[in-house]
Amino acid sequence: MTIEITASNVYDLAPADLVQDDRVAGRMYTDPEIFELEMTRIFEHTWIWVAHESELPNPGSFKSTYVGRQPVIVSRDRKGAIHTLVNRCRHRGASLCEKRTGEANGFTCPYHAWSYSLDGKLRGIPYPEGYEGVIDKSELSLKRLRTESYGGMVFATLDEDIEPLEEFLGDVKLWIDRFMKQGGGYPIKVLGTHQFTFGGNWKIQLENTTDGYHFPIVHRSWMASVDAETADMMSFMTDPEAVTHDLGNGHSVAQMVPEHSDLDADDGTEKLQDRFDELIADLRAANLSDSAIRKVVLAMHGTGFNLNLFPNVSMSAAFFRVLRPISVDRTVIEHVAIGPDGPDEVVGPVNRARLRVHEHFQGPFGFGTPDDAEGWDRVQRGAQGAPEMPILVNRGAAREKPSPEGWTTSHVTDETGMRAAYAQWKQMMSDD
Amino acid sequence: MTETLTHTAAPSLTDPRVLRGIELAWREADLLDRKEYEAWNALYAEDGHYVIPIDPDTTDFDNTLNMVYDDARMRGMRVTRMTEGYAIAAVDSATTARTVSRFLPVEVSDAEVVLRASQVLVAYKRGRHDLWAGDVEYRIRLGATAAEDLIVRKVVRLVDSEAAVPAAGFLL
Ligand code: FES
Ligand SMILES: [Fe+2]
(Lines give C-alpha, C1' and ligand atoms only; values in the text may rest on other atoms or scores of the structure.)
(Ligands and ions follow the chains in the order given, each with its own letter.)
Protein backbone atom coordinates (compact mmCIF):
# COMPACT_ATOMS: atom_id res chain seq x y z
CA MET A 1 0.00 0.00 0.00
CA THR A 2 1.28 3.47 -0.86
CA ILE A 3 1.08 5.97 1.96
CA GLU A 4 0.32 9.52 0.95
CA ILE A 5 3.15 11.81 1.99
CA THR A 6 1.83 14.90 3.78
CA ALA A 7 3.33 17.79 5.71
CA SER A 8 2.26 16.15 8.96
CA ASN A 9 3.64 12.66 8.31
CA VAL A 10 6.72 13.30 6.17
CA TYR A 11 9.10 13.25 9.15
CA ASP A 12 7.46 10.18 10.71
CA LEU A 13 7.52 7.87 7.73
CA ALA A 14 10.13 5.13 7.52
CA PRO A 15 12.78 5.87 4.86
CA ALA A 16 11.51 3.11 2.56
CA ASP A 17 8.07 4.74 2.51
CA LEU A 18 9.58 7.94 1.13
CA VAL A 19 10.15 6.24 -2.22
CA GLN A 20 7.10 5.59 -4.35
CA ASP A 21 6.98 4.28 -7.90
CA ASP A 22 7.14 7.66 -9.56
CA ARG A 23 8.14 10.09 -6.82
CA VAL A 24 10.40 10.46 -3.81
CA ALA A 25 10.15 12.76 -0.80
CA GLY A 26 12.42 15.81 -0.68
CA ARG A 27 13.35 14.76 2.87
CA MET A 28 15.59 12.11 1.30
CA TYR A 29 17.99 14.87 0.30
CA THR A 30 17.91 16.81 3.56
CA ASP A 31 17.56 14.48 6.55
CA PRO A 32 20.91 13.71 8.27
CA GLU A 33 19.44 10.59 9.91
CA ILE A 34 18.57 9.13 6.54
CA PHE A 35 22.10 9.90 5.42
CA GLU A 36 23.53 7.97 8.39
CA LEU A 37 21.33 5.01 7.57
CA GLU A 38 22.36 5.10 3.92
CA MET A 39 26.02 4.99 4.86
CA THR A 40 25.51 1.69 6.65
CA ARG A 41 22.56 0.05 4.92
CA ILE A 42 23.69 0.89 1.40
CA PHE A 43 27.38 1.74 1.36
CA GLU A 44 28.38 -1.08 3.73
CA HIS A 45 26.17 -3.69 2.13
CA THR A 46 26.75 -3.52 -1.57
CA TRP A 47 29.57 -3.47 -4.10
CA ILE A 48 31.30 -0.09 -4.17
CA TRP A 49 33.56 0.84 -7.07
CA VAL A 50 37.08 1.55 -5.78
CA ALA A 51 39.46 1.53 -8.75
CA HIS A 52 40.19 0.70 -12.34
CA GLU A 53 42.87 -1.96 -12.64
CA SER A 54 45.10 0.40 -14.65
CA GLU A 55 45.43 2.54 -11.53
CA LEU A 56 47.33 -0.39 -9.97
CA PRO A 57 49.70 -1.22 -12.82
CA ASN A 58 52.45 -2.99 -10.84
CA PRO A 59 53.00 -5.17 -7.80
CA GLY A 60 53.18 -2.59 -5.01
CA SER A 61 50.90 -0.04 -6.69
CA PHE A 62 48.29 1.42 -4.38
CA LYS A 63 45.49 3.95 -4.36
CA SER A 64 43.73 5.39 -1.34
CA THR A 65 40.03 6.02 -1.55
CA TYR A 66 36.76 5.42 0.33
CA VAL A 67 34.03 2.88 0.68
CA GLY A 68 31.17 5.06 1.83
CA ARG A 69 32.82 7.06 4.57
CA GLN A 70 35.45 4.47 5.43
CA PRO A 71 38.95 5.25 4.17
CA VAL A 72 40.53 2.34 2.33
CA ILE A 73 43.74 1.46 0.52
CA VAL A 74 43.47 -0.53 -2.69
CA SER A 75 46.76 -2.33 -3.31
CA ARG A 76 48.29 -4.86 -5.65
CA ASP A 77 50.43 -7.46 -3.94
CA ARG A 78 53.58 -9.19 -5.24
CA LYS A 79 51.51 -11.95 -6.85
CA GLY A 80 49.29 -9.43 -8.64
CA ALA A 81 46.19 -9.85 -6.47
CA ILE A 82 44.22 -6.71 -5.62
CA HIS A 83 43.25 -6.04 -2.01
CA THR A 84 41.06 -3.43 -0.37
CA LEU A 85 42.19 -2.67 3.19
CA VAL A 86 40.67 -0.33 5.73
CA ASN A 87 43.18 2.51 6.04
CA ARG A 88 43.46 2.20 9.80
CA CYS A 89 46.24 0.86 11.93
CA ARG A 90 45.36 -2.08 14.19
CA HIS A 91 47.29 -0.52 17.09
CA ARG A 92 45.59 2.73 17.95
CA GLY A 93 43.87 3.61 14.74
CA ALA A 94 46.14 6.01 12.82
CA SER A 95 45.67 6.21 9.08
CA LEU A 96 48.42 4.34 7.27
CA CYS A 97 48.49 5.99 3.90
CA GLU A 98 47.66 9.59 3.04
CA LYS A 99 48.94 9.50 -0.53
CA ARG A 100 46.37 9.24 -3.26
CA THR A 101 48.38 6.89 -5.43
CA GLY A 102 51.88 5.46 -5.46
CA GLU A 103 54.13 2.45 -5.21
CA ALA A 104 55.14 0.85 -1.93
CA ASN A 105 56.54 -2.35 -0.44
CA GLY A 106 53.94 -2.19 2.29
CA PHE A 107 52.46 0.30 4.72
CA THR A 108 54.16 1.49 7.89
CA CYS A 109 52.17 3.38 10.46
CA PRO A 110 53.72 6.78 11.21
CA TYR A 111 52.74 6.64 14.89
CA HIS A 112 54.54 3.60 16.37
CA ALA A 113 55.78 2.03 13.13
CA TRP A 114 53.73 -1.13 12.98
CA SER A 115 54.25 -2.33 9.44
CA TYR A 116 51.89 -4.18 7.15
CA SER A 117 52.40 -6.01 3.87
CA LEU A 118 50.54 -5.15 0.67
CA ASP A 119 47.87 -7.71 1.50
CA GLY A 120 47.37 -6.22 4.96
CA LYS A 121 49.27 -8.75 7.12
CA LEU A 122 50.98 -7.32 10.17
CA ARG A 123 54.67 -7.85 9.50
CA GLY A 124 56.62 -5.92 12.09
CA ILE A 125 56.24 -4.32 15.50
CA PRO A 126 59.11 -2.25 16.95
CA TYR A 127 60.29 -3.17 20.47
CA PRO A 128 58.16 -6.30 20.49
CA GLU A 129 59.11 -7.39 24.03
CA GLY A 130 56.16 -5.54 25.53
CA TYR A 131 53.80 -7.64 23.44
CA GLU A 132 55.16 -11.03 24.43
CA GLY A 133 52.29 -13.15 25.65
CA VAL A 134 49.88 -10.33 24.77
CA ILE A 135 49.17 -10.44 21.06
CA ASP A 136 49.31 -12.81 18.13
CA LYS A 137 50.43 -10.91 15.01
CA SER A 138 48.46 -13.17 12.73
CA GLU A 139 45.24 -11.86 14.30
CA LEU A 140 46.10 -8.22 13.69
CA SER A 141 45.97 -7.91 9.92
CA LEU A 142 44.38 -4.82 8.48
CA LYS A 143 40.65 -5.18 7.99
CA ARG A 144 40.25 -6.56 4.49
CA LEU A 145 37.20 -6.05 2.29
CA ARG A 146 35.94 -8.54 -0.25
CA THR A 147 37.35 -7.32 -3.56
CA GLU A 148 36.23 -8.51 -6.99
CA SER A 149 36.58 -7.12 -10.52
CA TYR A 150 34.85 -7.29 -13.83
CA GLY A 151 36.22 -5.85 -17.07
CA GLY A 152 38.94 -3.98 -15.19
CA MET A 153 36.46 -2.34 -12.82
CA VAL A 154 37.40 -3.12 -9.21
CA PHE A 155 34.72 -3.19 -6.52
CA ALA A 156 34.87 -3.85 -2.80
CA THR A 157 32.31 -4.57 -0.13
CA LEU A 158 32.26 -4.67 3.66
CA ASP A 159 29.53 -7.32 3.53
CA GLU A 160 30.82 -10.89 3.57
CA ASP A 161 27.41 -12.33 2.71
CA ILE A 162 26.16 -10.50 -0.36
CA GLU A 163 26.13 -12.09 -3.81
CA PRO A 164 29.32 -12.23 -5.92
CA LEU A 165 30.04 -9.10 -7.95
CA GLU A 166 29.17 -10.69 -11.29
CA GLU A 167 25.77 -11.67 -9.99
CA PHE A 168 25.18 -8.13 -8.71
CA LEU A 169 26.14 -6.73 -12.11
CA GLY A 170 24.03 -9.19 -14.10
CA ASP A 171 23.14 -7.68 -17.49
CA VAL A 172 25.47 -4.76 -16.78
CA LYS A 173 28.39 -7.00 -17.78
CA LEU A 174 27.44 -6.87 -21.46
CA TRP A 175 27.47 -3.07 -21.29
CA ILE A 176 30.81 -2.98 -19.48
CA ASP A 177 32.21 -5.12 -22.31
CA ARG A 178 30.84 -2.62 -24.82
CA PHE A 179 32.13 0.34 -22.85
CA MET A 180 35.66 -1.00 -22.87
CA LYS A 181 35.65 -1.18 -26.68
CA GLN A 182 36.45 2.52 -26.74
CA GLY A 183 40.10 1.52 -26.44
CA GLY A 184 39.79 0.97 -30.21
CA GLY A 185 41.61 -2.34 -29.99
CA TYR A 186 43.74 -1.41 -26.96
CA PRO A 187 42.96 -1.87 -23.28
CA ILE A 188 41.71 1.15 -21.32
CA LYS A 189 43.80 3.07 -18.81
CA VAL A 190 43.10 5.95 -16.47
CA LEU A 191 44.65 9.22 -17.75
CA GLY A 192 43.82 11.55 -14.87
CA THR A 193 41.13 12.53 -12.41
CA HIS A 194 39.18 15.74 -11.82
CA GLN A 195 37.68 16.12 -8.37
CA PHE A 196 35.11 18.64 -7.27
CA THR A 197 32.51 19.13 -4.58
CA PHE A 198 28.95 20.33 -4.69
CA GLY A 199 26.63 21.40 -1.93
CA GLY A 200 24.03 18.72 -2.32
CA ASN A 201 22.98 15.18 -1.52
CA TRP A 202 24.70 12.30 -3.33
CA LYS A 203 21.44 11.05 -4.85
CA ILE A 204 21.09 14.26 -6.86
CA GLN A 205 24.20 13.17 -8.75
CA LEU A 206 23.00 9.55 -8.91
CA GLU A 207 19.93 10.83 -10.74
CA ASN A 208 21.89 13.13 -12.99
CA THR A 209 23.96 10.45 -14.72
CA THR A 210 20.75 9.10 -16.19
CA ASP A 211 19.11 12.47 -16.82
CA GLY A 212 19.06 13.02 -20.58
CA TYR A 213 16.37 15.64 -20.08
CA HIS A 214 18.69 18.30 -18.62
CA PHE A 215 21.31 18.05 -21.33
CA PRO A 216 20.28 20.66 -23.93
CA ILE A 217 19.22 23.06 -21.19
CA VAL A 218 22.03 22.90 -18.63
CA HIS A 219 24.66 22.20 -21.27
CA ARG A 220 23.58 24.80 -23.77
CA SER A 221 26.83 26.66 -23.12
CA TRP A 222 28.90 23.57 -23.96
CA MET A 223 26.73 22.75 -26.98
CA ALA A 224 27.26 26.29 -28.28
CA SER A 225 31.04 25.91 -27.97
CA VAL A 226 31.54 22.62 -29.81
CA ASP A 227 31.62 22.00 -33.54
CA ALA A 228 28.34 21.33 -35.35
CA GLU A 229 29.12 17.61 -35.74
CA THR A 230 29.57 17.09 -32.00
CA ALA A 231 26.48 19.15 -31.20
CA ASP A 232 24.53 17.11 -33.72
CA MET A 233 25.79 13.85 -32.20
CA MET A 234 24.40 14.96 -28.82
CA SER A 235 21.00 15.95 -30.22
CA PHE A 236 19.11 12.99 -28.84
CA MET A 237 16.08 14.79 -27.47
CA THR A 238 13.74 13.67 -30.23
CA ASP A 239 15.64 10.61 -31.45
CA PRO A 240 13.33 7.64 -30.84
CA GLU A 241 16.30 5.23 -30.92
CA ALA A 242 17.85 6.97 -27.91
CA VAL A 243 16.56 4.94 -24.98
CA THR A 244 17.25 4.07 -21.36
CA HIS A 245 17.08 0.50 -20.08
CA ASP A 246 16.55 -0.55 -16.47
CA LEU A 247 19.15 -3.31 -16.06
CA GLY A 248 18.09 -4.44 -12.57
CA ASN A 249 19.66 -4.07 -9.10
CA GLY A 250 19.46 -0.27 -9.44
CA HIS A 251 21.62 -0.18 -12.58
CA SER A 252 20.58 1.39 -15.85
CA VAL A 253 22.01 2.40 -19.18
CA ALA A 254 21.12 5.61 -21.02
CA GLN A 255 21.93 5.46 -24.73
CA MET A 256 22.34 9.05 -25.91
CA VAL A 257 24.15 8.13 -29.11
CA PRO A 258 22.78 4.66 -29.91
CA GLU A 259 24.83 4.35 -33.10
CA HIS A 260 27.90 4.34 -30.82
CA SER A 261 26.57 1.83 -28.31
CA ASP A 262 28.55 -0.95 -29.93
CA LEU A 263 31.64 0.58 -31.45
CA ASP A 264 32.42 -2.66 -33.29
CA ALA A 265 29.17 -2.43 -35.24
CA ASP A 266 30.61 0.09 -37.68
CA ASP A 267 29.25 -0.18 -41.22
CA GLY A 268 31.77 2.38 -42.49
CA THR A 269 29.18 5.01 -43.44
CA GLU A 270 29.74 7.40 -40.53
CA LYS A 271 32.04 10.26 -41.44
CA LEU A 272 34.93 10.88 -39.03
CA GLN A 273 34.57 14.30 -37.41
CA ASP A 274 36.58 17.14 -38.97
CA ARG A 275 37.80 18.21 -35.53
CA PHE A 276 40.01 15.10 -35.49
CA ASP A 277 41.78 15.80 -38.81
CA GLU A 278 45.05 16.65 -37.10
CA LEU A 279 44.89 13.52 -34.96
CA ILE A 280 44.23 11.41 -38.04
CA ALA A 281 47.30 12.93 -39.73
CA ASP A 282 49.40 12.08 -36.65
CA LEU A 283 48.15 8.50 -36.67
CA ARG A 284 48.89 8.13 -40.39
CA ALA A 285 52.40 9.38 -39.68
CA ALA A 286 52.65 6.64 -37.04
CA ASN A 287 51.84 4.11 -39.80
CA LEU A 288 48.50 3.09 -38.33
CA SER A 289 46.24 1.48 -40.91
CA ASP A 290 43.11 3.32 -42.05
CA SER A 291 40.86 0.79 -40.38
CA ALA A 292 42.77 1.03 -37.08
CA ILE A 293 42.61 4.83 -37.28
CA ARG A 294 38.89 4.68 -37.90
CA LYS A 295 38.38 2.47 -34.84
CA VAL A 296 40.28 4.82 -32.56
CA VAL A 297 38.77 8.05 -33.90
CA LEU A 298 35.17 6.79 -33.82
CA ALA A 299 35.76 6.11 -30.11
CA MET A 300 37.08 9.60 -29.35
CA HIS A 301 33.82 10.62 -27.65
CA GLY A 302 33.67 7.26 -25.89
CA THR A 303 30.75 4.95 -26.20
CA GLY A 304 27.31 6.39 -26.86
CA PHE A 305 25.88 5.63 -23.43
CA ASN A 306 26.06 6.31 -19.71
CA LEU A 307 26.10 3.06 -17.78
CA ASN A 308 24.93 3.90 -14.29
CA LEU A 309 25.87 1.48 -11.56
CA PHE A 310 24.18 1.68 -8.21
CA PRO A 311 25.34 3.30 -6.00
CA ASN A 312 28.61 5.08 -6.77
CA VAL A 313 29.95 4.87 -10.32
CA SER A 314 28.80 5.74 -13.79
CA MET A 315 30.67 4.68 -16.89
CA SER A 316 29.78 7.79 -18.69
CA ALA A 317 30.53 7.95 -22.44
CA ALA A 318 34.32 8.57 -22.30
CA PHE A 319 35.01 8.69 -18.56
CA PHE A 320 34.06 7.36 -15.14
CA ARG A 321 32.00 9.49 -12.83
CA VAL A 322 32.45 8.44 -9.20
CA LEU A 323 30.48 9.86 -6.31
CA ARG A 324 31.45 9.99 -2.66
CA PRO A 325 28.93 11.12 -0.07
CA ILE A 326 30.47 13.44 2.54
CA SER A 327 27.38 14.54 4.44
CA VAL A 328 23.69 14.90 3.76
CA ASP A 329 24.32 18.07 1.79
CA ARG A 330 27.86 17.65 0.47
CA THR A 331 29.24 15.26 -2.12
CA VAL A 332 32.58 14.81 -3.85
CA ILE A 333 32.59 13.82 -7.50
CA GLU A 334 35.49 12.41 -9.48
CA HIS A 335 35.59 12.58 -13.25
CA VAL A 336 38.16 10.01 -14.32
CA ALA A 337 39.56 10.48 -17.82
CA ILE A 338 40.37 7.28 -19.68
CA GLY A 339 42.03 6.34 -22.94
CA PRO A 340 43.73 3.50 -24.78
CA ASP A 341 46.89 1.92 -23.38
CA GLY A 342 49.38 1.01 -26.10
CA PRO A 343 52.50 2.12 -27.93
CA ASP A 344 53.18 5.80 -27.39
CA GLU A 345 53.31 6.77 -31.07
CA VAL A 346 49.67 5.64 -31.37
CA VAL A 347 48.10 6.34 -27.99
CA GLY A 348 50.12 9.53 -27.40
CA PRO A 349 48.22 11.65 -29.94
CA VAL A 350 44.93 9.87 -29.17
CA ASN A 351 45.18 10.47 -25.44
CA ARG A 352 46.32 14.08 -25.81
CA ALA A 353 43.19 14.68 -27.88
CA ARG A 354 41.04 12.76 -25.39
CA LEU A 355 42.44 14.81 -22.50
CA ARG A 356 41.47 18.03 -24.29
CA VAL A 357 37.96 16.72 -25.03
CA HIS A 358 37.63 15.75 -21.35
CA GLU A 359 38.90 19.13 -20.09
CA HIS A 360 36.48 20.91 -22.39
CA PHE A 361 33.42 19.51 -20.58
CA GLN A 362 34.54 18.04 -17.26
CA GLY A 363 36.13 19.25 -14.09
CA PRO A 364 35.71 22.29 -11.86
CA PHE A 365 36.39 24.71 -14.74
CA GLY A 366 34.96 22.68 -17.63
CA PHE A 367 32.24 23.95 -19.93
CA GLY A 368 29.78 21.38 -18.57
CA THR A 369 30.53 20.41 -14.96
CA PRO A 370 30.09 23.81 -13.28
CA ASP A 371 26.64 24.12 -14.84
CA ASP A 372 25.68 20.66 -13.61
CA ALA A 373 26.95 21.56 -10.14
CA GLU A 374 24.89 24.75 -10.14
CA GLY A 375 21.78 22.73 -11.00
CA TRP A 376 22.50 20.24 -8.20
CA ASP A 377 23.16 23.02 -5.64
CA ARG A 378 19.82 24.50 -6.57
CA VAL A 379 18.02 21.18 -6.01
CA GLN A 380 19.50 20.95 -2.51
CA ARG A 381 18.46 24.52 -1.69
CA GLY A 382 15.00 24.18 -3.18
CA ALA A 383 14.33 20.84 -1.50
CA GLN A 384 14.39 22.58 1.90
CA GLY A 385 11.01 24.01 0.97
CA ALA A 386 7.69 22.13 1.25
CA PRO A 387 9.18 18.81 2.43
CA GLU A 388 5.85 17.06 1.81
CA MET A 389 6.03 17.90 -1.88
CA PRO A 390 7.46 15.04 -3.88
CA ILE A 391 10.47 15.12 -6.14
CA LEU A 392 9.00 13.83 -9.39
CA VAL A 393 10.74 11.00 -11.18
CA ASN A 394 7.75 10.10 -13.33
CA ARG A 395 8.82 11.34 -16.75
CA GLY A 396 8.00 8.67 -19.32
CA ALA A 397 6.26 6.41 -16.79
CA ALA A 398 3.41 5.88 -19.24
CA ARG A 399 5.62 5.03 -22.19
CA GLU A 400 7.85 2.38 -20.64
CA LYS A 401 7.94 -0.96 -22.49
CA PRO A 402 10.04 -4.06 -22.16
CA SER A 403 12.90 -4.32 -24.65
CA PRO A 404 13.45 -7.64 -26.51
CA GLU A 405 15.96 -8.48 -23.77
CA GLY A 406 13.25 -7.89 -21.17
CA TRP A 407 14.65 -4.62 -19.81
CA THR A 408 12.12 -1.94 -18.88
CA THR A 409 12.81 0.70 -21.49
CA SER A 410 11.81 4.25 -22.27
CA HIS A 411 13.19 7.30 -24.01
CA VAL A 412 16.64 8.52 -22.88
CA THR A 413 15.08 11.76 -21.62
CA ASP A 414 12.76 9.77 -19.35
CA GLU A 415 13.35 9.00 -15.69
CA THR A 416 13.43 5.21 -16.00
CA GLY A 417 17.01 5.01 -14.70
CA MET A 418 16.14 7.09 -11.63
CA ARG A 419 13.17 4.88 -10.89
CA ALA A 420 15.48 1.87 -11.14
CA ALA A 421 17.98 3.38 -8.70
CA TYR A 422 15.26 4.41 -6.24
CA ALA A 423 13.68 0.97 -6.32
CA GLN A 424 17.04 -0.46 -5.25
CA TRP A 425 17.40 2.26 -2.61
CA LYS A 426 13.96 1.43 -1.24
CA GLN A 427 14.78 -2.24 -1.02
CA MET A 428 18.09 -1.65 0.75
CA MET A 429 16.66 0.94 3.13
CA SER A 430 13.59 -1.01 4.19
CA ASP A 431 13.39 -2.32 7.73
CA ASP A 432 12.54 -5.88 6.78
CA MET B 1 78.29 45.57 -19.88
CA THR B 2 74.96 45.89 -21.67
CA GLU B 3 74.73 42.12 -21.31
CA THR B 4 74.42 42.29 -17.53
CA LEU B 5 72.02 45.23 -17.75
CA THR B 6 69.50 43.44 -19.94
CA HIS B 7 69.73 40.02 -18.32
CA THR B 8 70.34 40.31 -14.61
CA ALA B 9 70.99 37.12 -12.65
CA ALA B 10 69.12 38.31 -9.56
CA PRO B 11 66.56 40.78 -10.87
CA SER B 12 65.27 43.43 -8.54
CA LEU B 13 61.64 44.28 -7.83
CA THR B 14 62.42 47.87 -8.66
CA ASP B 15 63.56 47.02 -12.18
CA PRO B 16 61.12 48.93 -14.43
CA ARG B 17 60.55 45.81 -16.54
CA VAL B 18 59.57 43.86 -13.42
CA LEU B 19 57.23 46.67 -12.40
CA ARG B 20 55.56 46.47 -15.78
CA GLY B 21 55.02 42.76 -15.25
CA ILE B 22 53.52 43.30 -11.80
CA GLU B 23 51.24 46.00 -13.16
CA LEU B 24 49.98 43.66 -15.82
CA ALA B 25 49.36 40.88 -13.29
CA TRP B 26 47.36 43.30 -11.14
CA ARG B 27 45.41 44.60 -14.11
CA GLU B 28 44.52 41.04 -14.96
CA ALA B 29 43.45 40.28 -11.38
CA ASP B 30 41.20 43.34 -11.35
CA LEU B 31 39.58 42.42 -14.66
CA LEU B 32 38.90 38.88 -13.44
CA ASP B 33 37.34 40.07 -10.18
CA ARG B 34 35.17 42.44 -12.20
CA LYS B 35 34.43 39.65 -14.69
CA GLU B 36 35.46 41.76 -17.65
CA TYR B 37 36.34 38.72 -19.67
CA GLU B 38 36.74 40.33 -23.10
CA ALA B 39 39.25 42.84 -21.76
CA TRP B 40 40.93 40.02 -19.80
CA ASN B 41 41.43 37.93 -22.92
CA ALA B 42 42.97 40.91 -24.71
CA LEU B 43 45.84 40.77 -22.19
CA TYR B 44 46.96 37.42 -23.63
CA ALA B 45 49.26 36.94 -26.59
CA GLU B 46 47.81 35.02 -29.53
CA ASP B 47 50.21 32.16 -28.70
CA GLY B 48 49.51 32.53 -24.98
CA HIS B 49 48.34 29.80 -22.60
CA TYR B 50 46.24 30.00 -19.47
CA VAL B 51 46.71 26.88 -17.34
CA ILE B 52 45.40 25.45 -14.07
CA PRO B 53 47.13 22.08 -13.73
CA ILE B 54 46.15 19.27 -11.38
CA ASP B 55 49.61 17.71 -11.03
CA PRO B 56 51.55 20.15 -8.83
CA ASP B 57 54.89 19.41 -10.49
CA THR B 58 54.12 18.96 -14.15
CA THR B 59 55.18 21.25 -16.94
CA ASP B 60 54.01 18.74 -19.57
CA PHE B 61 50.47 20.08 -19.77
CA ASP B 62 49.87 18.38 -23.14
CA ASN B 63 50.17 14.91 -21.69
CA THR B 64 48.41 15.43 -18.37
CA LEU B 65 44.87 16.19 -17.30
CA ASN B 66 44.45 19.83 -16.27
CA MET B 67 41.58 21.82 -14.85
CA VAL B 68 42.21 24.46 -17.50
CA TYR B 69 44.61 24.34 -20.45
CA ASP B 70 43.52 27.13 -22.77
CA ASP B 71 45.13 28.27 -25.96
CA ALA B 72 43.68 31.26 -27.84
CA ARG B 73 40.85 29.18 -29.30
CA MET B 74 39.71 27.75 -25.96
CA ARG B 75 40.11 31.13 -24.26
CA GLY B 76 37.91 32.74 -26.86
CA MET B 77 35.24 30.09 -26.35
CA ARG B 78 35.59 30.46 -22.58
CA VAL B 79 34.98 34.20 -22.81
CA THR B 80 31.87 33.50 -24.88
CA ARG B 81 30.72 30.94 -22.31
CA MET B 82 31.26 33.34 -19.41
CA THR B 83 29.44 36.22 -21.09
CA GLU B 84 26.72 34.92 -23.41
CA GLY B 85 24.27 34.00 -20.66
CA TYR B 86 23.73 30.28 -21.32
CA ALA B 87 26.04 28.96 -18.61
CA ILE B 88 24.02 28.88 -15.39
CA ALA B 89 27.23 28.66 -13.33
CA ALA B 90 28.56 31.87 -14.87
CA VAL B 91 25.22 33.70 -14.74
CA ASP B 92 24.98 33.04 -11.00
CA SER B 93 28.67 33.00 -10.24
CA ALA B 94 30.38 33.75 -6.96
CA THR B 95 31.66 37.25 -6.22
CA THR B 96 35.44 37.14 -5.93
CA ALA B 97 38.15 39.23 -4.31
CA ARG B 98 41.73 38.22 -5.01
CA THR B 99 45.10 39.41 -3.83
CA VAL B 100 48.19 38.67 -5.88
CA SER B 101 51.39 39.33 -4.01
CA ARG B 102 54.79 37.97 -2.92
CA PHE B 103 56.10 38.71 -6.39
CA LEU B 104 59.45 37.25 -7.21
CA PRO B 105 61.18 38.03 -10.49
CA VAL B 106 62.47 34.77 -11.95
CA GLU B 107 63.79 35.92 -15.31
CA VAL B 108 64.07 39.40 -16.73
CA SER B 109 65.14 40.50 -20.16
CA ASP B 110 64.11 43.34 -22.46
CA ALA B 111 61.84 40.89 -24.23
CA GLU B 112 60.26 38.95 -21.40
CA VAL B 113 59.62 38.96 -17.68
CA VAL B 114 58.87 35.84 -15.68
CA LEU B 115 57.35 36.38 -12.25
CA ARG B 116 56.28 34.08 -9.48
CA ALA B 117 53.61 35.20 -7.06
CA SER B 118 51.03 33.89 -4.65
CA GLN B 119 47.32 34.45 -5.07
CA VAL B 120 44.64 34.26 -2.41
CA LEU B 121 41.10 34.47 -3.65
CA VAL B 122 37.89 34.44 -1.66
CA ALA B 123 34.75 33.49 -3.56
CA TYR B 124 31.44 34.25 -1.96
CA LYS B 125 28.18 32.69 -3.03
CA ARG B 126 24.92 32.10 -1.15
CA GLY B 127 26.25 32.32 2.38
CA ARG B 128 29.46 30.42 1.73
CA HIS B 129 33.03 31.69 1.40
CA ASP B 130 35.40 29.44 -0.53
CA LEU B 131 39.13 29.96 -0.32
CA TRP B 132 41.31 29.45 -3.40
CA ALA B 133 45.01 29.76 -2.70
CA GLY B 134 47.98 29.01 -4.87
CA ASP B 135 51.13 30.04 -6.66
CA VAL B 136 50.95 31.82 -9.98
CA GLU B 137 53.62 31.99 -12.62
CA TYR B 138 53.39 34.76 -15.21
CA ARG B 139 55.44 34.86 -18.38
CA ILE B 140 54.99 38.31 -19.85
CA ARG B 141 56.15 39.49 -23.24
CA LEU B 142 57.19 43.13 -23.09
CA GLY B 143 55.91 45.34 -25.89
CA ALA B 144 57.18 48.67 -27.17
CA THR B 145 55.12 50.36 -24.46
CA ALA B 146 53.54 49.02 -21.25
CA ALA B 147 50.14 49.05 -22.95
CA GLU B 148 51.45 46.46 -25.40
CA ASP B 149 52.73 44.00 -22.79
CA LEU B 150 51.05 40.60 -23.12
CA ILE B 151 50.74 37.44 -21.06
CA VAL B 152 52.38 34.51 -22.83
CA ARG B 153 51.74 32.05 -20.08
CA LYS B 154 49.95 32.05 -16.77
CA VAL B 155 50.01 28.91 -14.64
CA VAL B 156 47.94 28.76 -11.46
CA ARG B 157 49.08 26.01 -9.10
CA LEU B 158 46.46 25.61 -6.40
CA VAL B 159 47.55 24.35 -2.99
CA ASP B 160 44.72 21.83 -3.24
CA SER B 161 44.93 21.07 -6.95
CA GLU B 162 44.93 17.33 -6.26
CA ALA B 163 41.96 17.49 -3.91
CA ALA B 164 38.31 18.24 -4.57
CA VAL B 165 37.66 21.92 -5.19
CA PRO B 166 34.25 23.52 -5.77
CA ALA B 167 32.99 23.73 -9.35
CA ALA B 168 33.55 27.34 -10.35
CA GLY B 169 31.64 29.90 -12.37
CA PHE B 170 34.58 32.33 -12.42
CA LEU B 171 38.26 32.24 -13.39
CA LEU B 172 41.41 32.17 -11.30
S1 FES C 1 48.71 3.70 15.89
FE2 FES C 1 49.76 2.65 14.33
S3 FES C 1 51.50 1.91 15.29
FE4 FES C 1 50.47 2.91 16.87
FE1 LIG D 1 25.04 17.27 -17.04
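Reminder, nothing fancy here: chain letters follow the sequence lines and each chain counts from 1. Predicted model only: the values in this text are computed from it and were never measured.
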(Q) One thing to verify: whether B:R78 and A:E359 come together as a salt bridge, which I'm taking to mean a side-chain N less than 4.0 angstrom from a carboxylate O. (A) no
Q) Between A:R378 and B:D92, is there a salt bridge with N-O shorter than 4.0 Å? A) yes
(Q) Out of A:G199, A:S221, A:G192, A:A373, return the one with the most heavy atom pairs under 4.5 angstrom to chain B. (A) A:S221
(Q) Quick check: under 4.5 Å, non-hydrogen atoms only, which of residues 56-69 of chain B neighbour chain A? (A) B:F61, B:D62, B:N63, B:T64, B:L65, B:N66, B:M67, B:V68, B:Y69
Q) chain A heavy atoms under 4.5 Å from B:I88: which part of the residue, side chain, backbone, both or neither? A) both
Q) Less than 4.5 Å apart, any side-chain heavy atom of B:R81 and any of A:D371? A) yes
Q | Which portion of A:R354 sits near chain B, non-hydrogen atoms under 4.5 angstrom | A | neither
Q. With a 4.5 angstrom heavy-atom cut-off, which part of A:N351 approaches chain B: side chain, backbone, both or neither?
A. neither
Q. Is it the backbone or the side chain of A:H219 that comes under 4.5 Å from a heavy atom of chain B, or both, or neither?
A. neither
Q. Is it the backbone or the side chain of A:D372 that comes under 4.5 Å from a heavy atom of chain B, or both, or neither?
A. neither
Q: Report the option among A:M223, A:R330, A:H358 that has the most heavy-atom pairs separated by less than 4.5 Å from atoms of chain B.
A: A:R330
Q: Could you tell me whether B:E84 and A:R220 make a salt bridge, using a distance below 4.0 angstrom between a side-chain N and a carboxylate O?
A: no
**Q.** Among the listed options A:Q362, A:R356, A:R100, the residue most often paired with chain B at heavy-atom distances under 4.5 Å
**A.** A:R356
Q. Non-hydrogen atoms of chain B under 4.5 Å away: do they reach the side chain of A:H194, the backbone, both or neither?
A. both
